[in-house]
Amino acid sequence: MASLMSSPFLPASKSELQLSSLSQKHFFLHSFLPKKTHLAISSKSAVKVKCVATGNGLFTQTSPEVRRVVPDNTNGLPTVKIVYVVLEAQYQSSLTAAVLALNKNKTHANFQVVGYLVEELRDVSTYNTFCKDVEEANIFIGSLIFVEELALKVKAAVEKERDRLDAVLVFPSMPEVMRLNKLGSFSMSQLGQSKSPFFQLFKKKKQSAGFADSMLKLVRTLPKVLKYLPSDKAQDARLYILSLQFWLGGSPDNLQNFLKMISGSYVPALKGAKIEYSEPVLYLDTGIWHPLAPCMYDDVKEYLNWYGTRRDANEKLKDSKAPVIGLILQRSHIVTGDESHYVAVIMELEARGAKVIPIFAGGLDFSGPVERYLVDPVTKKPFVHSVVSLTGFALVGGPARQDHPRAVEALTKLDVPYIVALPLVFQTTEEWLNSTLGLHPIQVALQVALPELDGGMEPIVFSGRDPRTGKSHALHKRVEQLCTRAIKWAELKRKSKAEKKLAITVFSFPPDKGNVGTAAYLNVFSSIFSVLKDLKKDGYNVEGLPETSEALIEDVIHDKEAQFNSPNLNIAYKMNVREYQQLTPYSSALEENWGKPPGHLNSDGENLLVYGKQYGNVFIGVQPTFGYEGDPMRLLFSKSASPHHGFAAYYSYVENIFKADAVLHFGTHGSLEFMPGKQVGMSDVCYPDSLIGNIPNVYYYAANNPSEATVAKRRSYANTISYLTPPAENAGLYKGLKQLSELISSYQSLKDTGRGAQIVSSIVSTARQCNLDKDVELPEEGEEIPAKDRDLVVGKVYSKIMEIESRLLPCGLHVIGEPPSAMEAVATLVNIAALDRPEDDISSLPSILANTVGRNIEDLYRGNDKGVLKDVELLRQITEASRGAISSFVERSTNSKGQVIDVGDKLTSILGFGINEPWVQYLSNTKFYRADREKLRKLFEFLAECLKLIVTDNELGSLKQALEGKYVEPGPGGDPIRNPKVLPTGKNIHALDPQAIPTTAAMQSAKVVVERLIERQKAENGGKYPETIALVLWGTDNIKTYGESLAQVLWMIGVMPVADTFGRVNRVEPVSLEELGRPRIDVVVNCSGVFRDLFINQMNLLDRAVKMVAELDEPEELNFVRKHATEQAQALGIEVREAATRVFSNASGSYSSNINLAVENSSWNDEKQLQDMYLSRKSFAFDCDAPGAGMMEKRKVFEMALSTADATFQNLDSSEISLTDVSHYFDSDPTNLVQGLRKDGKKPNAYIADTTTANAQVRSLAETVRLDARTKLLNPKWYEGMMSSGYEGVREIEKRLTNTVGWSATSGQVDNWVYEEANTTFIQDEEMLNRLMKTNPNSFRKLVQTFLEANGRGYWETSEENIEKLRQLYSEVEDKIEGVDR
């Protein structure tokens, strides 16, 4: 495994080159072939190469020379030169064969041809050769050119020569390229403007992929019609259409006649030659094809009749119970004869006893054929048990414009699992095997991200491509994996519920007995209990299921009190070493990292132990952890280690001994999908692929985490099912904060009496006791405050406590199958109502109410932030009125039990009578009684829809659908407040089209945040602009906000994204300094490992943007990117372009800086060690000039860039995750590290942008940590909500404290009082202390240990007796746990 990943390898020698024949697209140059006209292979081509990307660092090293045919010109005939550019290589062998046949004939002309795959044009020297070829050509042909930057290159080269060329033929591509078409008088230069029906067709293409179908129909009928029209124009149009027929017909014969027709009609030297050609041989547009069948079928009954009478079929195939698998194929591969990879899949499935129905389409819309051939027209039931698309494209629209709703509609009718496998398109087999990235980014965008939006899953690479012939060939091990998995999914459709076996997998992180069943926002054991009860009722065998979820915990953990590595975790199976090695073929690859099995993790020294408990046909198992959490030296490695033997043994047990029909990973998230291997497009030596084996994988994932869910889909082939995060509530006020709020309201009523001054001084001293003096400038104790300043002092304190009061927090933990009650949904609805939605023409409730009293909501927010008392008060009234109006609306739609009854009917009756609308009634008693009725009605209609979605429960239903082998409807993941389409949960989560971000709206929001950030930094730094900002890009944030943080980076350096005709963003342009009105600010971008996996296109875009800015000819004091890059280039002796490397992440296939693991497991010595982890793991750069090289270590440039940072910056984008809720945020925080790297040793300012509400804020890190502590850790509403979840709740409290220590370690921005108050809340309060200890002693022990650690590391100064009490407690808990152990 390791050797494949990193050692120098030889580019394929002769024998290896024979291997490759599948991918249809090449990426760049450095060919393994000599530049000769024949197809010999030079033995010199095996050169030792250091890095994984050979030659020019691009993805594809193939050369167009393999597609060049030069005739011997001895016969004195004229020569016709043809140049073609295509997306995929399936036309290569057909065209070459056609030209060779014509030249053999030697009748009218000699034909010379050369072909380019569009991706090869990225390479400079290949592009120059292409331009030269076009200059000498007679005929240019292009097809499926859909990548904007390359389309523009083709356009530039061909446009120059267009008038001289005899013919230019472009088949479906981007409009820019289509306009180059010219055949005699026929031209498309007006494309998009003309009124003729032909052009209208092309115009329509934007709307849907039905374009392809209507075009095909047109292609069938037009030539017949045009034949009888006299004008030349009509004849030229007719020949264009015939050309398209020939091209779509793709066989060598068709292409030979195509070339004869075009040359004879348009090449001047052949004008009088009267070259005879035959009409195109037409194939079915859609139909069923089988390599052994006598013909193509367009009737499924006929096909099945033929299938039933096959003589060659084995016994299994004749069985009426055999599984039936539908295959979706691309017609162009069949007609061009490039179908060996299809044949391999069909043969493999049949050999395994599955029948196949392979359907194809000639256009890009496969939804029609799916409904026509795979569903029984009479019973409406599917003929198949699962479907595998071998095209790699979205079901409707291929690489152009997709129509996902149409695809989902067709797949819902079909209702079987839908797998989209991948033929390599842009790489040859060797290039893919040797790449740490795996699939080429453009292929990921077109063939992984887009099919996911249709609900496609399991992106398994099943075929490769030969670099010489361009032909596809099956990758046999991958084909086996694909076929076995397709049959396994089909089995779920056929097996009875009583015989199905399910392995539920829970996580335990960090490894401690108190942590079994960790998952974000989920009460895991209560959820499993509710799922199993439901499955049992449904007919699954769940024998011996305990009566309560507490008893279930006892069963699995056997004894909550016991330590994790004690035998007291229930052992389900002991696997001896020999059995382990037999069942785990890759076990020897793990020995490099972990020694010989059994090792010391999950083992008793002789056997490997599988922990868990079996109930009938259901096994609940505990997934082992990474294994190196506690080893500081391992955490420093820049690349992640392999899984350990215990981890591998767990999955071998589930697949081979328990024999699971499916595995259900329970909650966000485990370690399987983060194991080392390629980023996307696993090979059989990638660990996630080896571990999951052939088991269908269903995965409950939090709806607000689409990015990591996507990693689970792509790397562990998961069918992800979303679950709701707990309903949010407002944080409210407590203790001193509540007192403050009471004091302020009495100030407002009494400020003009003699008591005003006295109340203000009470407010000031109470604010001090609440530690608000760090957030608000308070006058000194006893200082006389002049009457005119009092309002401002009070206003600022008021604004701060309102911020705390209205902060949203998820209360308690979610239980699967228990949707929120109506009243629990109120806070979520209030927040949904607080956002303007211009695209739906919906105004936010606060802005409607503000307008009623003649104010603009934005001005009101500004005034509130400044602490203007009357604005703070008005905003509070608006907030209160919003809550009241929405509560009254929800009350009207609920029954006595608090459940929402049919919202639709209710609304109609409400909306029927204008006067009685509950929200109008409520507002009529407030100062907002004149609010705009029409706007309110529109908003509440939208809220009614949202309410319906919030309370819909589909999480259990979708799980059952998946287990029954049905189709689970796809849906976006993200923040339900920004995007209510995330609801209802229970959908197969997908991310978004990675080329669609950043959107224009995201760019607008980003500008606001960047300007506020710069203003704040200037204000705190004597008016100086920050020269560099170090920031983090997260996958999930960018999905939820459609690329806001990505847009922030672009705006800092002063560039704007430019979208192409399809709305995809693959280019940027600099904004002039005049327009920008400030210097360009340098950035150091640290991308999370997940962002790197999902948005590699965007990393490419960012890197291009930064390098472009570094090369602008501008004064250095106005372009800090250029200033720093020039300095760093001189210091390091490299080019400015390389010194301008600013986009960093982990090495491919590894995630996080591991600081979080070190902190969670207390396995670190000092902060220096944490900083080394960050530098060694996060210093891998992406280079847009060598995208194929993957992530390359550039630590020196990384350190130098960070050493110029004046500020560090992160974004918070949704209410349920804040700084101390997860460890990712501090794991990526470089604040203390930058201080160590800066020459002046100055600590950079640390900022957090908070866009969770309509009023976006930029706060300092310290302010945010304080806000977080006040609203969560120290807030009774929050911790009591957690305690009500019992065992899991204690762990959540402990986790918040540990993450707070993490912030102290990476940034030093946590105030002493935070630890002091936490100690008062959880340790000094005897009653609380006993509850914690009783509920989850292990997590309580960790809590006490964390307090002691905070003190020992110097983050918390406190009295000696506090520390003494903690030490005593620690040994008490130890004894208690040990005592129970004995």
Side-chain angles (χ1 to χ4, degrees), residues 80 82 84 86 90-91 93-105 107-109 111 113 138-143 166-172 181-186 188 197-198 201 212-267 270-287 289 294-298 330-338 360-363:
V80 175
I82 299 144
Y84 67 93
V86 286
Q90 72 261 52
Y91 276 89
S93 54
S94 259
L95 256 174
T96 306
V99 169
L100 290 173
L102 286 170
N103 286 341
K104 205 167 150 195
N105 225 336
T107 39
H108 300 290
F111 288 86
V113 66
N138 300 82
I139 299 170
F140 173 80
I141 304 169
S143 172
D166 300 328
V168 180
L169 289 145
V170 183
F171 304 122
N181 265 307
K182 135 185 145 158
L183 271 192
S185 58
F186 172 82
M188 289 200 183
F198 192 77
L201 248 187
D213 280 2
S214 35
M215 175 136 174
L216 286 170
K217 282 199 192 85
L218 186 79
V219 168
R220 296 246 146 161
T221 51
L222 258 187
K224 300 187 181 87
V225 179
L226 293 170
K227 211 169 185 170
Y228 304 107
L229 292 179
S231 74
D232 291 347
K233 211 167 189 169
Q235 288 319 308
D236 290 331
R238 174 172 173 261
L239 293 189
Y240 176 77
I241 299 277
L242 279 177
S243 305
L244 185 56
Q245 286 188 349
F246 278 128
W247 185 257
L248 292 174
S251 61
D253 281 355
N254 269 335
L255 295 177
Q256 208 173 317
N257 285 311
F258 165 50
L259 295 178
K260 282 188 193 168
M261 174 182 89
I262 295 297
S263 319
S265 311
Y266 297 104
V267 175
L270 301 175
K271 264 288 163 58
K274 289 264 183 290
I275 302 178
E276 292 294 317
Y277 61 90
S278 330
E279 291 283 310
V281 177
L282 297 179
Y283 296 94
L284 288 177
D285 285 339
T286 65
W289 168 85
C295 62
M296 292 179 173
Y297 294 94
D298 63 356
Q330 241 177 313
R331 190 184 75 164
S332 58
H333 280 282
I334 300 170
V335 297
T336 56
D338 177 19
F360 65 83

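Position 1 is the first residue of the sequence; numbering continues from there. These numbers come from a predicted model, not from an experiment.
Under the 6.0 Å cut-off for aromatic ring centres, W247 and Y91 qualify, their centroids lying closer than that.
Shortest non-hydrogen contact noted between G250 and S94 is O-OG, 2.8 Å. The shortest heavy-atom contact between A167 and Y266 is CB-CB, 4.4 Å.
Taking 4.5 Å as the limit, some side-chain heavy atom of M296 sits within range of a side-chain heavy atom of F360. Taking 4.5 Å as the limit, some side-chain heavy atom of L242 sits within range of a side-chain heavy atom of Q245. Side-chain contact between I141 and F171: present, with at least one pair of heavy atoms (C-beta onward) separated by less than 4.5 Å. Side-chain contact between R331 and T286 is absent, with no heavy-atom pair separated by less than 4.5 Å. At least one side-chain heavy atom of L244 sits under 4.5 Å from a side-chain heavy atom of L248. In this structure the side chain of L239 reaches within 4.5 angstrom of the side chain of S265, judged on heavy atoms. When side chains are defined from C-beta on, I262 counts as touching L183, because their heavy atoms get closer than 4.5 Å. In this structure the side chain of V113 never reaches within 4.5 angstrom of the side chain of T96, judged on heavy atoms.
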Exercise. Determine, step by step, whether T336 and Q90 satisfy the side chain to side chain donor-acceptor pair (under 3.5 Å) criterion, reporting the C-alpha distance in whole Å, the side-chain angles of both residues, the deciding distance to 0.1 Å, and the verdict.
Key: CA-CA 7 Å; T336 56; Q90 72 261 52; 5.7 Å; no

Quiz prompt | Intermediate values then yes/no, side chain to side chain contact (heavy atoms under 4.5 Å, CB included), S143 and Y84 | solution = CA-CA 8 Å; S143 172; Y84 67 93; over 6 Å; no

Practice problem: Evaluate the side chain to side chain contact (heavy atoms under 4.5 Å, CB included) criterion for residues S263 and I139: first the C-alpha distance (whole Å), next the side-chain angles of each, then the deciding distance (0.1 Å), finally the verdict. | Solution: CA-CA 8 Å; S263 319; I139 299 170; 4.1 Å; yes

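Looking only at distances, no side-chain donor or acceptor of D236 sits under 3.5 Å from a matching main-chain atom of G184. At distances below 3.5 Å, at least one donor-acceptor pair connects side-chain atoms of N103 with backbone N or O atoms of F111. Under the 3.5 Å distance criterion, the side-chain polar atoms of N181 are matched with a main-chain donor or acceptor of V170. Of the possible donor and acceptor atoms, one in the side chain of N257 sits under 3.5 Å from a partner among the backbone N and O of S278. Remark: the backbone N or O of V281 is paired with a side-chain donor or acceptor of N254 at under 3.5 angstrom.
Between the NE2 atom of H333 and the CG atom of D338 there is a distance of 5.5 Å, given to the nearest 0.5 Å. Here the CZ atom belonging to F246 is positioned 12.0 Å from the CG atom belonging to L169, to the nearest 0.5 angstrom. Separation of atoms OG (S243) and CG (L255) is listed at 11.0 Å; rounding is to 0.5 Å. Taking CG of D253 as the reference point, atom CZ of F258 lies at 14.5 Å (rounded to 0.5 Å). Summarising the geometry, atom NE2 belonging to H108 is positioned 11.5 Å from atom NZ belonging to K274; distances are rounded to the nearest 0.5 Å.
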